[in-house]
Amino acid sequence: MTLTSFLAGAVCLGFALCALFFLRFWRDTRDALFLSFSAAFVLLGVGQGIFAVTGIPDEQRTWIYVLRLCAFLLLLTAILQKNRRD
């Protein structure tokens, strides 16, 4: 269980680094696409962090997957808006 928690924490850290990476690009360009990507990676990191910290059984994890769904919908919406605008 500790190795799984450690790896889940490492993935959470990776999501946080990706969010900061895209936030830096948003600060330079003020493009909403980068802000959306940053927010999506924050949502993915929060979901992964909840997996790492809590010992929620498999049957009760569906609300955490809603966070992932929101993150992917945010990415999809941002990409579609960017392509529609240009």
Side-chain angles (χ1 to χ4, degrees):
M1 188 70 174
T2 56
L3 180 62
T4 305
S5 297
F6 174 76
L7 292 176
V11 170
C12 182
L13 177 67
F15 283 137
L17 289 175
C18 287
L20 289 175
F21 182 75
F22 283 111
L23 196 61
R24 184 181 61 133
F25 282 119
W26 173 77
R27 187 189 58 185
D28 294 341
T29 64
R30 298 290 181 202
D31 190 0
L33 179 73
F34 293 129
L35 186 62
S36 298
F37 269 58
S38 179
F41 278 112
V42 165
L43 284 174
L44 290 170
V46 166
Q48 192 66 36
I50 291 171
F51 277 140
V53 173
T54 62
I56 299 174
D58 289 336
E59 298 84 24
Q60 299 173 354
R61 290 184 179 180
T62 52
W63 65 274
I64 298 173
Y65 288 113
V66 171
L67 284 175
R68 290 183 181 180
L69 177 65
C70 290
F72 289 121
L73 288 176
L74 183 63
L75 289 173
L76 184 63
T77 304
I79 291 169
L80 289 175
Q81 283 180 356
K82 180 69 174 180
N83 287 329
R84 188 177 314 171
R85 228 179 324 149
D86 294 340

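The analysis underlying the following values was restricted to heavy atoms, covering all of them including side chains, and did not include hydrogens, waters or symmetry mates.
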Quick check for you: to the nearest 0.5 Å, what is the distance between [X] atom [atom1] and [Y] atom [atom2]?
X: Arg84; Y: Ile79; atom1: CZ; atom2: CD1; answer: 13.0 Å
X: Ser38; Y: Leu33; atom1: OG; atom2: CG; answer: 11.0 Å
X: Leu69; Y: Thr62; atom1: CG; atom2: OG1; answer: 12.0 Å
X: Phe41; Y: Leu23; atom1: CZ; atom2: CG; answer: 13.0 Å

Hydrophobic cluster membership, with links at side-chain heavy-atom distances under 4.5 Å among I/L/V/M/F/W/Y: are [X] and [Y] in one?
X: Leu17; Y: Phe15; result: no
X: Leu13; Y: Phe51; result: no
X: Leu76; Y: Val66; result: no
X: Val46; Y: Trp63; result: yes

* Could you tell me which non-hydrogen atom of Ser5 sits nearest to which non-hydrogen atom of Ala52, and how far apart they are? => OG-O, 3.9 Å
* Asked: Of all heavy-atom pairs between Leu74 and Ser36, which one has the smallest distance, and what is that distance?
  -> CD2-O, 3.5 Å
* Would you indicate whether the side-chain heavy atoms of Phe72 and Leu43 approach each other to under 4.5 Å? => no
* Under the ring-ring contact (aromatic ring centres under 6.0 Å, His included) test, which residues partner Phe34, sequence neighbours left out? -> Phe25
* Trp26 six-ring face occupied by Arg24 cation (under 6.0 Å, within 45°) -> no
